[in-house]
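What follows is a single structure, written as structure tokens, with notes after it.
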Amino acid sequence: MRTLRLVAAALVIVLLVSWLSVVLYPSVKDFMEANPGWNGLSDFLGEFGAELVTGVDQAELRPEGSVLIAIPYLPYDEGELRRIERFVHDGGTLLLMDDYGYGNQVLQALGLQMQFAGLPMLDPYVTYRNQWFPLVTDLAPSLGQPRMQYAMLNYATALIVLGPYDILASSSPTSFLDNNGDADWNRAEPRGPFVVAARATLGSGMVIAVSDPSLIINSMVNRADNKAFLQQLISLAGENPYVVVDDSHLPQAPLDILKYSWQGVRARVAVPYSQVLLVGIILVLTLMPVWRKGNEVGPR
Amino acid sequence: MRARMVAIVVGIVAAVMVVGAAPLAALMPHRDPEGVSRRYDAVSVFWEFSEALDHVLAREAEPVRAQEQLALLANIPEGHRDTVTGFLSSGGSLAELILAAEANLDSARIMLAQSLPAEAQERSEATQKRLVQAYVELRAMEVANEATSLWFLMFTEPEGSLMRQMHAEVEGKLAKVRSLLDMLSEMRQGLGRQTEIIAAVAEGRLFELEEVLKAEAAVETAQEEVLKAEAAVGAALEEAAKAKAEAETALEEALKGKAEAEVETARAELLKAATMRPGGSELMGGLLAPTALTLSVEPLTAFVGDTVQVRGLLSSRGQPLFGKEVTVLLNGSPELVMRTDRSGAYQGELALPYQYVSEMRVQALYNPQGADLGLYLGSSSPEITIVVLFYDTRLTVRVPERAYPGRAWQLEGSLSYGDNPAPQGRSLLIYWDGRLAAGEAVGTAFSVEVPVAGEESLGRHAVALYVPAQGRYAPARASAEIEVVKVVPVIQVDAPGIVLLPLDVNLRGRVYSALGPLQDASLRIVLGDREVSVQSQEDGTFSARLRTGMSLTLMGTQELRVIATPQEPWHKANSLAVGLLVINPATIAGLVFAVAVPVFLGVSRFGRRAARLPRIPGPQPAAVPVTVKSPPVRPAPPGPEPAPPAGVERPTLLPVPPGPEMEEEPPAILLALYRGVLRLVQAVTAILLRPSHTLREFVQECAPRLGPGGDYLYEFTLMVERVLYSTHRPGETEAARSRALSQSLREGLKDENT
């Protein structure tokens with residue numbers, strides 16, 4: 001019995017410590033809302049009033065006036081692709097931000113003639129600190145922001161545009177696609193400028209492809225004119241659009257999964273009936289020893 | 001101790017949970033911009049410089065200004081940023097200055113030709129200012145270029161490195177710009193001096209100018225010839241002076257308010273008089289003589305890289321000019337400088353650069369220098385256009401409509417040169433979405449295998465081809481698009497139409513596609529909740545044995561699914577579903593057995609009991625624990641039953657075998673022992689054997705109260721049933737067994753009661 005009690009106590013302590021870790025320890029995963037670090041999404045969500053959602057459900061409610069930001073680092077299944085296609089055709093705006101993920105799967109499913117190159121696009125000259133952070137100075141007039149000077153990318157790729165789409169932003173002539181992976185230009189490597197953002201109309205909606213999702217992480221969103229650039233891209237969908245970020249295709253660490261689960265539990269418990277039930281259970285558990293003692297009062 | 005162990009365990013678990021989250025951070029390809037190191041690239045800076053100089057030579061200032069703006073954002077060391085922006089700023093200014101200087105020079109030449117020395121002088125001075133500024137800007141660019149090479153420690157780079165190559169390219173272009181400025185400067189000097197002469201003539205300062213020219217001629221190597229000519233022109237001078245005097249008079253009168261036309265006419269007469277030359281001699285201190293420059297180019301049609309002969313004549317008033325420098329320009333840039341011989345002829349070879357353009361312009365230029373400045377007007381030849389030949393290269397390609405991931409595709413094409421001879425081989429570079437995918441030497445017709453990565457994304461891709469220039473053969477480009485798709489394989493399955501459970505199902509099949517059979521494809525075959533996994537063979541065939549096992553299913557249609565997951569990246573996963581009729585005869589039979597047999601048995605037993613087992617009448621005695629003494633092993637002889645108490649009927653439990661000779665027979669022994677056991681059980685359990693009971697039912701009702709004895713009773717009952725209801729005659733073994741069972745039961749019941 002004593003051993004049993006010891007094991008039970010240890011289990012309770014472990015659970016308590018685990019729960020505290022889940023609640024208090026910050027996420028460090030890319031694009032996580034709960035990550036306040038350089039690679040989190042908290043700043044973007046706060047400043048743009050965007051919601052983090054899982055899947056297309058939220059945006060599907062009203063495609064017109066909605067912007068769905070998708071970062072496809074995990075593959076889509078057929079059903080999801082069909083829902084995205086329907087969302088765009090019904091008037092929604094898909095802001096597809098990808099560099100080395102599964103963006104081409106989405107573009108292909110939507111029948112668009114453009115591809116993410118999948119090779120690093122580097123610029124040793126027009127860049128921030130080193131060739132991996134190219135500055136995009138060639139911004140289309142259709143973005144309509146005269147004071148916007150340049151956007152800054154972070155380990156981006158380029159868009160290979162084969163169809164008649166609007167080119168929204170291009171890199172400088174000193175940029176190049178790093179074919180051989182040595183991060184240095186050589187004469188066999190094609191030089192820029194390369195397309196980094198393009199827009200295609202599809203049905204009643206549109207698809208805006210951007211070859212770098214890092215624009216929206218905390219350390220990038222307020223760099224250079226990235227915020228204005230993103231605002232302009234989003235405003236192509238109209239005045240004050242409803243912006244959602246789909247995290248269903250972002251890999252999550254177990255800690256983040258547990259955090260989300262905990263948030264779900266909290267949401268359920270936050271309901272009044274659940275709170276009453278919880279209070280009742282606590283009262284019962286607390287008062288049970290007292291009742292037992294009460295039963296034992298009096299002569300045997 | 002235990003508490004310490006618990007604390008350690010808790011600590012380890014918590015640490016693992018916390019630390020376990022950390023390695024899962026930031027697997028995405030981006031970095032914190034704050035933490036990255038700086039890296040400057042010299043090659044890109046020199047590349048920018050080279051581009052800027054191309055624009056300068058093309059007299060395009062705007063693109064250089066745009067480069068200057070971009071340099072403000074560029075990744076350049078802060079201490080060096082001014083140098084780079086300075087280079088580009090100077091480049092922009094230089095392009096504008098060259099353009100302006102050339103325009104002024106042209107204008108000055110026109111003014112001079114129209115005997116407007118003041119206007120020509122003004123233009124010349126403006127040109128001079130611009131050229132001075134241009135040299136300053138050029139010098140600044142040269143200094144910036146050198147400073148950049150020092151900043152990036154170019155001297156530590158190996159020979160032939162890309163940095164050195166780019167730096168050398170910039171130096172070459174700077175030298176070209178300098179050469180251009182030198183040429184313009186010479187032209188300006190010449191024009192400027194000539195303007196002075198004309199002005200001096202017009203203002204009557206000829207003789208003062210003559211002294212100046214004399215003094216200047218003293219440093220020339222042609223002084224001896226000039227001195228010789230001095231005497232010869234003495235007489236001419238007198239004549240010229242006479243004419244000049246007349247002209248001066250006419251000019252004075254004209255300047256006293258005569259009509260402009262008369263002024264101009266007088267000016268022209270003065271100029272004419274001032275430039276009169278005795279035949280065959282140069283006029284020292286004389287006025288400017290016009291010169292004529294001819295140019296001929298042979299051939300007028302030439303291939304790139306070939307040399308053409310340029311020749312011509314420089315003369316003045318029909319007299320050849322000896323020892324004069326003639327500059328040949330190619331597309332506006334000085335390329336060749338030659339000296340005239342005694343017959344005033346010049347000649348040389350001009351190499352056509354490897355620029356694949358349809359024509360190039362050649363022009364000769366004479367700029368008087370030194371003593372010639374006071375003697376001759378500069379001149380230029382008419383521009384001659386050379387038709388530039390090269391072997392135009394036509395690249396045609398045929399790409400398939402589709403390509404497949406992991407599978408190379410054949411690019412076919414041809415290089416055609418029209419009627420021109422074909423070279424031995426040309427380099428062909430193939431780019432896939434901007435990535436160099438293949439490159440090899442090809443002939444006129446080629447077929448190149450282009451690999452496609454196994455993980456290549458589906459959809460349309462851009463294919464670009466480039467054939468670099470090679471001597472007389474111009475470069476060529478072509479582009480195409482190709483769609484990358486995956487092939488859906490076909491699955492064929494030979495499956496029985498009917499499946500009998502629980503028998504195994506043997507399946508055979510084949511998976512293949514238009515590209516061939518699927519080798520080593522993983523196949524999952526599922527029927528209901530059973531599945532089996534196999535792999536396909538080399539020829540795409542597969543066979544499998546699906547164990548169905550027992551199931552509660554009686555009969556129905558079930559879907560047989562075959563899911564193929566190919567190994568080859570060019571195949572898509574696919575599945576096939578086939579409906580099969582499943583019949584479970586075992587379950588059906590079991591069900592029938594489960595329903596029919598009990599019914600049959602129940603009916604037959606009911607009839608038999610009615611014949612064999614009497615009813616037990618009256619009230620049942622209360623259950624009282626009875627201490628059972630261990631009876632002797634030998635069965636009690638089946639004697640007459642003791643008389644029951646009055647009013648109570650004792651049930652006759654089992655038939656009593658007839659006759660004393662049957663007492664020792666195994667059947668009798670068995671039955672007698674069983675009777676005794678039944679009595680005991682009824683007494684212990686207080687459950688009586690009723691007419692409606694079968695023996696087995698009675699045992700089942702008593703068994704829970706008998707403990708382990710229940711098993712013995714059950715076994716004993718089975719033995720008795722066999723004796724009663726079949727033709728079986730038990731032997732000694734069974735009799736012995738019955739004794740043992742009886743004994744065990746009695747002992748067991750005794751233990752239970754205690």
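Letters A, B, ... are given to chains in the order of the sequence lines, protein chains preceding strands, and every chain is numbered from 1. We use all heavy atoms of the structure for the numbers below, so side chains are in, but hydrogens, waters and symmetry mates are not.
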Discussion item. Looking at chain B, which one of A:Thr174, A:Leu16, A:Leu11 has the largest number of heavy-atom pairs inside 4.5 Å, strictly under?
Written reply: A:Thr174
Worksheet entry | Contacting region of B:Glu48 [heavy-atom separation from chain A under 4.5 Å] | side chain
Worksheet entry | Between B:Gln67 and B:Glu51: side-chain donor-acceptor atoms closer than 3.5 Å | no
Worksheet item: Does A:Trp132 have B:Arg31 sitting over its ring (NZ/CZ under 6.0 Å from centre, angle to axis within 45°)?
Response: no
Worksheet, complete the sentence: If one checks every heavy atom of B:Leu73 against chain A at 4.5 Å, the contacting part turns out to be both
Fill in: Proximity breakdown for B:Val485 and chain A, heavy-atom pairs closer than 4.5 Å
neither
Practice prompt. Mind telling me whether A:His249 and A:Tyr76 have parallel, tilted or perpendicular rings, with 30° and 60° as the class edges?
Written response: parallel
Fill in: Residue selection (most heavy-atom pairs with chain A, distance under 4.5 Å) from B:Gly35, B:Ser44, B:Ala464
B:Ser44
Worksheet item: At a heavy-atom separation under 4.5 Å, does B:Ile76 approach chain A through its side chain, its backbone, both, or neither?
Response: side chain
Worksheet item: Is any NZ, NE, NH1 or NH2 atom of the basic residue among B:Glu62 and B:Arg65 found under 4.0 Å from an Asp or Glu carboxylate oxygen of the other?
Response: no
Worksheet entry | Heavy-atom contact with chain B under 4.5 Å, split by part of A:Gln105 | neither
Worksheet entry | Side-chain donor-acceptor pair present, B:Ser50, B:Glu169, cut-off under 3.5 Å | yes
Item to complete: Let me know if B:Val36 has heavy atoms under 4.5 Å from chain A in its side chain, its backbone, both or neither.
Response: both
Worksheet item: Going by atom types only, do A:Asn218 and A:Ser42 share a side-chain donor-acceptor pair under 3.5 Å?
Response: yes
Practice prompt. Pick one of side chain, backbone, both or neither for B:Ala71, based on which atoms fall under 4.5 Å of a heavy atom in chain A.
Written response: both
